[in-house]
Structures are given as structure tokens and as C-alpha cells.
Amino acid sequence: VSAANEERFVRKKLTREFPKNSIEWVLKSNGLTIDMVDYVGCGAWNGIDSTTTLPHLIEDIFFHLEHDLQDSKKLIQKRIRKSINSDVSAKKILFEGLLEMGFNENIIITCDHHYSHALTAYCCSPFKDALVFTADGRGDFRSITLWKSDEVSGLELVDFATELDSPGTFYGFITKLLGFTPSRHEGKITGLAAAGKMSKAYDILKEGYFFDQDSQLVRSKIGDNYFPFQSMENKALIANLKSFSKEDIAFAAQEILEEVLLSFLMKHLDEQKENSVNICLAGGCFANVKLNHEIFSLPATKNIYVFPQMGDGGN
């Protein structure tokens, strides 16, 4: 019925401050008061799911400790701590702000981040049944999810990847490496990729982020070619890529993003007939129109629906 981002009111792009102005505008524009609100839902900061996400995350951590460079232990600890601290802080700001405005704490509900992304994609789509595909930087310790959905059963989780193997972080990491601002200028990388060509930059970047055909899992290798942070500078990787143009590096990053997410999706489409599957998309990675085009072009794809505010603002 109504939607608004706080940045529109305070004129600070991608602000993370409590959305007091947005809430007041939504209520006022619909003739509502706070006491008329039944529930406040938040599509994030629900915490790690102990039955699905936690075991997979632990397996991921052991894989990195066994296969990556010695410094990976420090980087993994830093990544997990930063995620926990960021989520706790954001949730505190949300609850304190709502209580200060006069909302009752009992009506505030948090929801798993990727489940929320999946709901926005499926519930707003025109499809009765579909595969729902989400991909972003991170949310409640996951970065990719795939769901089966229909009107009777709702959403059923099929597969997922943790935040340590994040497509959004990989693409943001390249955005930063090429001199732009992560979570803001990824579209420039997609544009640059169109002017690039295949080069050995692809091989270098694929050492750090890839889809492992043997295990059928999304993998990253923390070290000289990848860090699990968008804004962290990797001097070894910068040195390895210094002879390549920004266009060719962007081309390589786009190619790898498509390979990873298409491979993740296609392992669940092997037995599907041609033009048989509707696919719903949400999460920041699906702001990438070239990626969406490739998903639409898969033989099994009947149609796709991309939730218009596919980023976190849509949740």
C-alpha cells in the first residue's frame, strides 16, 4: 500500500538510521495512528537458524581452515564477529526507535532475511507455483537460498549457501577493487563488463570465488585472491591484476557471478522440461540485469519475476 526509504527524507543515500520519518509518512498518508497497527515486521536480524544454517556454516568454517591460507582463521573470526555485532546493533536501534515512538514491543516481529526476500518475490509475482531464488551480500548468515513455492505449501527451502561464500560480497569486493563504492556502484561493474573481454583476470579471480562441480557447492578461497569483506583491500590481488584493464576485470567478475549462480540454480533444474519452470528473484544480486537475462534464457525457464525493490529496502 505504501513504501518509503528513510534516505528520501533525510537526504543521506543508503542511511542506516532509524526510519522515523518513513514510518510517520506511511501512517499519515493512510490516516493511521500507532495504536491502529497490529504488527511491525522486520525482514532481518532474526539470528542464525540452528537447524539448517548453523551446521552448514560450521562445515564452511572447517573447509576454509583446512584449504585456505593461514590468515583465513583471523579473517573468518573477523567476518563472523562483524556480522553478529552489526546485526545486534541494528536490531537494538530498530526496537529502541519503535518503543520511543510508542509501539508495543509485543507486536514487533523479526523474520529470517532470505525468507523475507523470498516472500517479496513469490507473493508479489503472478505465479501460482515457482522456484524462488535469492542472492545478496549477507543476511542472518546466509547469502543464497533456493525455495520451492506454491499456494498450498508456501515456501519450502531447497538449498542455500552461507555468508562466507557470498556472491554479493564477491561482486562488492570487485567494485571496491576497481575504485568504486560497494553496495552503491555495482551497476558500474556490470556496465564496464560489457566493454571487457575474457582474459587471465578470470582465472585469477576464479581462484578466489567459484562453483565447485565436484561437491556441487558454492565456494570461496580466502587468501591472495579473495577476502570475505566488500571494503577490505587485498594488496596481493591488486598486484596480480595490475596488468589488466578495469573493463577486463569487470568482465571476469560478471562471468564468475553468472557461472556461480547459474550453476547453483541448474543443479536443481536438471530433470525439468523445456519452458517448464517459473522463477522468482529477489536480493541485491538480482539488480544485475545481465544475470537476470541469463536466468531467463535457461532452457527450463518458462518466465521470471524480479521483485522491483529486490534489495533490502524491499524487505
Side-chain angles (χ1 to χ4, degrees), residues 16 42-68 71-91 110-118 132-147 157-176 182-183 186 208-212 215-223 225-232 234 253 256-257 260-261 263-265 281-288 310-312 315:
R16 289 176 175 269
C42 175
W45 313 319
N46 198 50
I48 192 165
D49 186 296
S50 60
T51 58
T52 55
T53 310
L54 184 58
H56 193 159
L57 182 64
I58 292 170
E59 286 179 14
D60 254 7
I61 290 170
F62 279 113
F63 176 86
H64 284 289
L65 293 177
E66 290 169 6
H67 294 86
D68 298 355
D71 284 346
S72 65
K73 180 180 178 181
K74 294 178 183 176
L75 290 169
I76 291 168
Q77 287 175 333
K78 187 175 181 181
R79 174 67 272 167
I80 299 298
R81 282 190 184 125
K82 186 171 182 181
S83 296
I84 292 170
N85 292 338
S86 173
D87 288 359
V88 168
S89 173
K91 188 173 182 178
T110 58
C111 172
D112 177 81
H113 185 70
H114 278 266
Y115 181 62
S116 180
H117 271 314
V132 184
F133 195 15
T134 76
D136 62 9
R138 56 167 293 270
D140 290 324
F141 299 92
R142 298 193 286 200
S143 63
I144 304 171
T145 62
L146 188 69
W147 314 72
L157 184 64
V158 175
D159 200 358
F160 71 95
T162 75
E163 69 168 59
L164 291 178
D165 306 309
S166 163
T169 297
F170 166 73
Y171 211 77
F173 178 70
I174 301 303
T175 302
K176 169 69 174 178
S183 298
E186 277 77 0
Y209 191 72
F210 55 96
F211 185 85
D212 181 28
S215 66
Q216 290 287 288
L217 294 171
V218 179
R219 291 293 195 196
S220 63
K221 192 170 183 181
I222 299 168
N225 297 324
Y226 178 77
F227 286 162
F229 296 89
Q230 290 186 339
S231 298
M232 184 177 282
N234 187 325
I256 290 168
L257 179 77
V260 167
L261 289 176
S263 296
F264 181 91
L265 177 62
L281 304 170
C285 288
F286 297 114
N288 190 305
M310 72 289 291
D312 291 352
N315 280 13

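Sequential numbering from 1 along the given sequence is applied to the chain's residues. Any value given below was found using the heavy atoms of this structure, including those in side chains, with hydrogens, waters and symmetry copies removed.
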Engineer: Once you round to the nearest 0.5 Å, how far does OH of Tyr115 lie from CG of Asn46?
Structural biologist: 11.0 Å

Engineer: Any side-chain heavy-atom pair from Ser143 and Thr162 closer than 4.5 angstrom?
Structural biologist: no

Engineer: Main chain of Gly137, side chain of Ser166: is a donor-acceptor contact present, judged purely on distance under 3.5 Å?
Structural biologist: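 Checking the backbone N and O of Gly137 against the side chain of Ser166, a donor-acceptor pair under 3.5 Å is found.
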
Engineer: What verdict does the side chain to side chain contact (heavy atoms under 4.5 Å, CB included) test give for Trp147 and Asp159, after you've listed the backbone C-alpha separation in whole Å, the side-chain angles of each residue and the deciding distance to 0.1 Å?
Structural biologist: CA-CA 7 Å; Trp147 314 72; Asp159 200 358; over 6 Å; no

Engineer: Please tell me if the side chains of Asn288 and Leu257 come closer than 4.5 Å, counting only heavy atoms from C-beta onward.
Structural biologist: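 Yes; the side chains approach each other to less than 4.5 Å.
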
Engineer: Yes or no on side chain to side chain donor-acceptor pair (under 3.5 Å) for Glu163 and Thr169, after CA distance, side-chain angles and deciding distance?
Structural biologist: CA-CA 8 Å; Glu163 69 168 59; Thr169 297; over 6 Å; no

Engineer: Between Asn234 and Gly223, what is the shortest heavy-atom contact and its length?
Structural biologist: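 For Asn234 and Gly223, the tightest heavy-atom pair comes out as ND2-O, 3.0 Å.
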
Engineer: Measure the CZ-CZ distance between Phe210 and Arg219 for me, rounded to the nearest 0.5 Å.
Structural biologist: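 It comes to 7.5 Å.
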
Engineer: Under 3.5 Å, side chain of Asp136 to main-chain N/O of Cys285, donor-acceptor pair present?
Structural biologist: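 No: the side chain of Asp136 does not pair with the backbone of Cys285.
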
Engineer: Is the positively charged end of Lys221 above the ring of Tyr209, judged by distance under 6.0 angstrom from the centroid and angle within 45° of the axis?
Structural biologist: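 Geometry flag: not set, cation outside 6.0 Å or 45°.
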
Engineer: Determine yes or no for a side-chain-to-main-chain donor-acceptor pair under 3.5 angstrom, with Asp140 supplying the side chain and Gly47 the backbone.
Structural biologist: yes

Engineer: Can you name the one residue among Thr134, Asn315, Thr145 that meets side chain to side chain donor-acceptor pair (under 3.5 Å) with His117?
Structural biologist: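 When side chain to side chain donor-acceptor pair (under 3.5 Å) is applied between His117 and each of Thr134, Asn315, Thr145, only Asn315 qualifies.
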
Engineer: In plain terms, say whether Arg138 and Asp165 are close enough for a salt bridge, that is, a side-chain N and a carboxylate O under 4.0 Å apart.
Structural biologist: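 No salt bridge links Arg138 with Asp165.
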
Engineer: Taking atom CG of Asp312 and atom CZ of Arg16, what is their separation to the nearest 0.5 Å?
Structural biologist: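 Atom-to-atom, Asp312:CG and Arg16:CZ are 7.5 Å apart.
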
Engineer: Would you confirm whether the ring centroid of Phe160 sits within less than 6.0 angstrom of the ring centroid of His114?
Structural biologist: no

Engineer: Starting from the C-alpha separation in whole Å, work towards a yes-or-no answer on side chain to side chain contact (heavy atoms under 4.5 Å, CB included) for Leu146 and Leu265.
Structural biologist: CA-CA 8 Å; Leu146 188 69; Leu265 177 62; 3.9 Å; yes

Engineer: Going by heavy atoms in the side chains, are Phe229 and Leu75 under 4.5 Å from each other?
Structural biologist: yes

Engineer: Salt bridge between Arg142 and Asp112, side-chain N to carboxylate O under 4.0 Å?
Structural biologist: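 Yes, this pair counts.
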
Engineer: Hey, could you give me the CG/OG1 distance between Asp87 and Thr110, rounded to the nearest 0.5 Å?
Structural biologist: 10.5 Å

Engineer: Just verifying a value: how many Å separate Asp60 CG and Leu164 CG, rounded to the nearest 0.5 Å?
Structural biologist: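 The CG atom of Leu164 is 5.5 Å from CG of Asp60, to the nearest 0.5 Å.
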
Engineer: Under 6.0 Å between ring centres: does that hold for Phe173 and Tyr226?
Structural biologist: yes

Engineer: Might you point out which heavy atoms bring Ala135 and Phe286 nearest each other, and give the distance in Å?
Structural biologist: N-CE1, 3.5 Å

Engineer: How long is the span from the OG atom in Ser220 to the CG atom in Asp212, to the nearest 0.5 Å?
Structural biologist: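 Between atom OG of Ser220 and atom CG of Asp212 there are 11.5 Å.
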
Engineer: What verdict does the side chain to side chain donor-acceptor pair (under 3.5 Å) test give for Ser183 and Gln230, after you've listed the backbone C-alpha separation in whole Å, the side-chain angles of each residue and the deciding distance to 0.1 Å?
Structural biologist: CA-CA 8 Å; Ser183 298; Gln230 290 186 339; 3.0 Å; yes

Engineer: Would you call the rings of Phe264 and Phe133 parallel, tilted or perpendicular, taking 30° and 60° as the class edges?
Structural biologist: parallel

Engineer: Looking at every non-hydrogen atom in both residues, tell me the closest pair between Thr51 and Pro55 and how far apart they are.
Structural biologist: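 Looking at all heavy atoms of both residues, the shortest contact is O-CG, 3.8 Å.
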
Engineer: Donor-acceptor pair, distance only, cut-off 3.5 Å: does the side chain of Ser89 make one with the backbone of Asn85?
Structural biologist: no

Engineer: Kindly say whether Gly43 contributes a backbone atom to a donor-acceptor pair with the side chain of His113 at under 3.5 angstrom?
Structural biologist: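 Such a contact is found between His113 side chain and Gly43 backbone.
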
Engineer: To check you understand the geometry: which heavy-atom pair defines the closest contact between Met232 and Phe227, and what is its length?
Structural biologist: SD-CD1, 3.3 Å

